[in-house]
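Each remark here refers to the structure printed beneath this line.
Note that this is a predicted model, so its numbers are computed, not measured. Along the sequence shown, residues are numbered consecutively beginning with 1.
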Amino acid sequence: QVQLVESGGGLVQSGGSLRLSCAASGSAFSILHMAWYRQSPGKQRELVALITIGGSTNYADSVKGRFTISRNNAENMVYLQMNGLKPEDTAVYSCNALIRTASMGPRNYWGQGSQVTVSS
């Protein structure tokens, strides 16, 4: 019913910037919360940033002041602008969305993930 597809990852030097995008597609759905998570080998998955349907945001302490999450409700898109990237930001970044449809209540959906690599 619903699919999430990320784009915008890649290789960047320390101090550089990247913008991740996540597009939701399907039929008859409504997106509630949207978020970005990341996971590196040997580490637990962590919440990077979250944005509610009303636009309220939360960030991990490690990215505050550097990353910005935003959404376009009309286009069913969520973005993560990443500035001042550091090697420790290297991870697979995944889009997550809490979505409800006409036939079921809220349910979590995940994208396939996008690799972000920051070189020193």
Side-chain angles (χ1 to χ4, degrees):
Q1 288 289 105
V2 181
Q3 292 185 336
L4 303 179
V5 180
E6 302 100 336
S7 63
L11 175 64
V12 65
Q13 290 187 326
S14 180
S17 298
L18 285 173
R19 189 191 191 203
L20 300 180
S21 299
C22 176
S25 62
S27 299
F29 65 89
S30 178
I31 303 176
L32 304 178
H33 295 183
M34 300 191 79
W36 289 96
Y37 289 77
R38 68 184 182 187
Q39 187 169 27
S40 299
K43 297 182 179 180
Q44 293 185 331
R45 183 179 63 191
E46 66 172 337
L47 175 65
V48 177
L50 180 147
I51 185 167
T52 69
I53 190 171
S56 297
T57 59
N58 286 307
Y59 297 93
D61 289 340
S62 60
V63 307
K64 287 181 178 178
R66 300 188 297 120
F67 291 10
T68 302
I69 187 171
S70 61
R71 65 190 290 174
N72 185 322
N73 292 331
E75 299 294 333
N76 295 321
M77 298 282 292
V78 63
Y79 309 93
L80 185 67
Q81 179 66 46
M82 303 182 292
N83 299 325
L85 284 163
K86 305 174 181 179
E88 50 263 45
D89 294 318
T90 296
V92 174
Y93 286 72
S94 299
C95 178
N96 169 265
L98 183 64
I99 297 175
R100 64 185 177 192
T101 66
S103 60
M104 65 179 68
R107 179 181 176 182
N108 273 315
Y109 290 84
W110 292 89
Q112 293 296 313
S114 183
Q115 178 69 47
V116 172
T117 302
V118 184
S119 62
S120 60

Side-chain donor-acceptor contact under 3.5 Å, Arg45 with Tyr37: no

query: Is any side-chain heavy atom of Thr90 closer than 4.5 Å to a side-chain heavy atom of Gln115?
result: yes

- prompt: Cationic tip of Arg100 within the cone over Phe29's six-membered ring, i.e. under 6.0 Å and within 45° of the normal?
  reply: no

query: Can you find a heavy atom in the side chain of Leu32 that is under 4.5 Å from one in the side chain of Thr52?
result: no

statement: Distance col, row Thr57:OG1 vs Met34:CE, nearest 0.5 angstrom, shows 14.5 Å

- prompt: Between NE2 of His33 and CD1 of Ile99, what distance do you get to the nearest 0.5 Å?
  reply: 12.5 Å

- prompt: Which atoms form the tightest heavy-atom contact between Ile31 and Ala97, and what is the distance?
  reply: CG2-CB, 4.3 Å

OG-CG distance between Ser94 and Leu4, expressed to the nearest 0.5 angstrom: 10.0 Å

task: Determine whether Cys95 and Val78 make a side-chain contact, defined as any pair of heavy atoms from C-beta on separated by less than 4.5 Å.
output: yes

- prompt: Minimum heavy-atom separation for Pro87 to Ser14, with atom names?
  reply: CD-OG, 3.9 Å

query: Quick one: do Tyr93 and Val63 end up in the same hydrophobic cluster if we chain Ile, Leu, Val, Met, Phe, Trp and Tyr together by side-chain heavy atoms under 4.5 Å apart?
result: yes

task: State the CE-CZ distance between Met77 and Arg71, to the nearest 0.5 angstrom.
output: 12.0 Å

- prompt: Do Leu98 and Met104 share a hydrophobic cluster, counting only Ile, Leu, Val, Met, Phe, Trp and Tyr and linking them when any side-chain heavy atoms are less than 4.5 Å apart?
  reply: no

message: Could you check whether atom CD of Gln112 has more than 12 heavy atoms from other residues, nucleotides or ligands sitting under 6.0 Å from it?
response: no

- prompt: Just how far is it from atom OG of Ser7 to atom CG of Leu20, taken to the nearest 0.5 Å?
  reply: 8.0 Å

statement: Heavy atoms of Arg38 and Ala91 approach each other most closely as CB-CB, 3.8 Å

query: Does a salt bridge link Lys64 with Asp61, judged by any charged N lying under 4.0 Å from a carboxylate O?
result: yes

message: My understanding is that only one of Ile51, Ile69, Val116, Thr68 makes a side-chain contact (heavy atoms from CB on, under 4.5 Å) with Leu80; could you say which?
response: Ile69

message: Are Leu18 and Tyr59 linked, directly or through intermediate hydrophobic residues, by side-chain heavy-atom contacts shorter than 4.5 Å (ILVMFWY only)?
response: yes

message: Are Trp36 and Val12 linked, directly or through intermediate hydrophobic residues, by side-chain heavy-atom contacts shorter than 4.5 Å (ILVMFWY only)?
response: yes

query: Do Phe67 and Asn83 have side-chain heavy atoms sitting under 4.5 Å apart?
result: no

- request: Measure from the side-chain N and O atoms of Glu6 to the backbone N and O of Cys22, and report whether any donor-acceptor pair falls under 3.5 Å.
  value: no

Shared hydrophobic cluster, Tyr109 / Leu50 (ILVMFWY, side-chain heavy atoms < 4.5 Å): no

- line: Value for NZ (Lys86) from OG (Ser119), rounded to nearest 0.5 Å, stands at 15.5 Å

